[in-house]
There are 2 protein chains.
Amino acid sequence: MAKTAARQPVPVRRADAERNIAAILEAATRLLSADPGASVADIAKAAGVGRVTLYGHFPSREALVDAVLDHTVGVADAVLEDPSIDAAPAPEAMEKLLRSSWEILDRHRRLFVAADRVMATERIREHHDRPLRRVERLIARGQRDGDFRTDLPLSWLVTTFFSIIHSAAQEREAGRLAPENVERVLVTTMLSVLEQP
Amino acid sequence: MAKTAARQPVPVRRADAERNIAAILEAATRLLSADPGASVADIAKAAGVGRVTLYGHFPSREALVDAVLDHTVGVADAVLEDPSIDAAPAPEAMEKLLRSSWEILDRHRRLFVAADRVMATERIREHHDRPLRRVERLIARGQRDGDFRTDLPLSWLVTTFFSIIHSAAQEREAGRLAPENVERVLVTTMLSVLEQP
């Protein structure tokens with residue numbers, strides 16, 4: 001390994017750097033979604049790198065949180081981009097979307113609490129908007145197609161979607177909702193709110 | 001006034017103390033429900049008393065938060081104790097309860113965030129349980145009477161109740177939900193979740 005490094009210093013250093021960055025992002029996502037106040041020192045430790053290495057890649061807490069959000073939004077967006085969701089009737093699409101993405105959307109939301117402490121609101125909104133807009137478009141489609149109610153504001157239905165996901169995640173963590181029941185409870189609750197009375 | 005004070009020192013001092021305590025509790029409720037991290041110095045300032053006076057009545061932050069919770073739970077419980085709520089069929093009782101008490105229940109919930117930082121969980125649970133149990137009893141009654149669904153756990157329906165109230169309060173604050181629409185939106189959403197599909 002050291003020999004290869006001596007012969008090809010740049011690619012190996014780059015591979016090391018990429019491995020470190022991946023480990024830092026993974027640790028930061030995990031620690032910050034569990035506790036928005038997690039320290040950079042704890043994140044470096046969990047990633048198995050020194051603080052100097054971490055600061056070499058992410059010069060500030062803000063830069064690190066920004067990168068973590070970028071990463072999570074990318075993952076959330078990839079999951080939400082499922083063409084079978086776009087093709088299905090809105091109630092069925094809502095069920096698919098909840099089942100495939102409630103966990104990633106909940107993680108995403110927790111990270112915003114961390115972000116809110118260090119980043120400007122406008123920058124956060126840029127990040128936040130992509131998954132939120134997808135959910136909003138799906139609910140609006142259901143309203144246009146006559147599947148979803150129109151007697152409640154669209155923005156309220158979107159808020160309720162995220163708030164119910166977050167409650168279910170907390171209830172599961174507290175041991176008051178069995179893990180195997182979370183998806184059924186989410187789908188039943190959300191469709192009861194959305195569907196025409 | 002000074003003359004009266006000289007003649008009847010004890011009652012006047014007591015009246016002053018009661019006025020100060022009331023002002024401190026009012027200011028603490030207001031500041032802590034807006035920001036769970038509000039400082040004791042800020043609370044004293046908002047109450048128009050010195051820090052020494054405040055600490056004379058409430059020797060620690062914990063004692064102050066405890067008194068604020070006691071006070072809020074008392075108010076919430078008095079509002080929830082409406083006999084017309086107990087007499088009405090569950091869906092109508094739920095509508096009355098939401099309209100009369102969503103604001104006090106939301107304030108109550110915010111104060112728990114403040115309490116969570118300084119008090120033992122058991123002591124918080126004692127406080128928390130009274131309004132929560134009332135809501136739980138009403139939903140359970142609706143389930144027994146066949147008005148409310150039984151395909152979702154009771155604990156989940158109670159959680160959803162509090163989570164929807166909190167979301168509506170936040171949406172109103174953010175200017176995304178018109179104040180005159182809050183009650184209708186809350187009642188419609190909650191009954192959609194609760195009533196038999």
Side-chain angles (χ1 to χ4, degrees), chain A residues 35-37 91 95 102 106 109 112-113 116-117 121 124-125 128 132 136 139 142 148-197, chain B residues 35-37 91 95 102 106 109 112-113 116-117 121 124-125 128 132 136 139 142 148-197:
Chain A
D35 170 15
E95 174 162 1
W102 75 273
D106 177 58
R109 188 182 147 140
F112 277 102
V113 179
D116 203 34
R117 302 190 183 177
T121 310
I124 294 182
R125 199 157 287 279
H128 190 62
L132 191 142
E136 191 177 70
I139 296 178
F148 292 161
R149 70 196 315 152
T150 52
D151 61 338
L152 291 176
L154 176 59
S155 65
W156 169 251
L157 296 172
V158 174
T159 296
T160 305
F161 173 93
F162 285 98
S163 138
I164 285 176
I165 285 181
H166 192 54
S167 294
Q170 285 183 319
E171 288 295 289
R172 184 185 62 168
E173 260 171 58
R176 286 187 295 263
L177 192 56
E180 65 273 21
N181 285 337
V182 174
E183 289 182 14
R184 182 186 67 83
V185 162
L186 273 176
V187 170
T188 306
T189 306
M190 200 58 220
L191 288 181
S192 298
V193 171
L194 287 171
E195 290 186 322
Q196 294 280 12
Chain B
D35 170 14
E95 173 162 359
W102 75 273
D106 177 57
R109 188 181 148 143
F112 277 103
V113 179
D116 204 32
R117 301 189 184 177
T121 309
I124 294 182
R125 200 158 287 277
H128 191 62
L132 191 142
E136 192 176 68
I139 297 178
F148 293 161
R149 70 195 316 152
T150 52
D151 62 337
L152 291 176
L154 177 58
S155 65
W156 169 250
L157 295 173
V158 175
T159 296
T160 305
F161 173 92
F162 285 98
S163 139
I164 285 176
I165 284 181
H166 193 54
S167 295
Q170 285 183 318
E171 289 295 289
R172 184 186 63 168
E173 260 172 56
R176 285 187 296 264
L177 192 56
E180 65 274 19
N181 285 336
V182 174
E183 289 183 14
R184 182 187 65 84
V185 161
L186 273 176
V187 171
T188 306
T189 305
M190 200 58 219
L191 288 180
S192 298
V193 171
L194 286 172
E195 290 187 321
Q196 294 279 11

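Each chain gets a letter, A, B and so on, in the order the sequences are listed, and its residues count up from 1. As a basis for the values below, the full set of heavy atoms in this structure was taken, side chains included, without hydrogen atoms, waters or symmetry mates.
Heavy atoms closer than 4.5 Å to chain A are found nowhere in B:Asn181, neither backbone nor side chain. For a residue to count as touching a neighbouring chain, one of its non-hydrogen atoms must lie under 4.5 Å from one of that chain's; by this rule B:Ile164 touches chain A with backbone and side chain alike.
Interatomic distance, CD of B:Gln170 versus OG1 of A:Thr159, reported as 9.0 Å (0.5 Å rounding).
Listed in order of number, the residues of residues 189-197 of chain A that approach chain B to under 4.5 Å between heavy atoms are A:Thr189, A:Ser192, A:Val193.
Closest heavy-atom contact between B:Thr188 and A:Arg149: CG2-NH2, 3.2 Å. Between A:Arg184 and B:Asp151, the shortest heavy-atom contact is NH1-O, 2.9 Å.
A:Ser167 has its side chain out of reach of B:Thr160: every pair of non-hydrogen atoms, C-beta onward, lies at least 4.5 Å apart.
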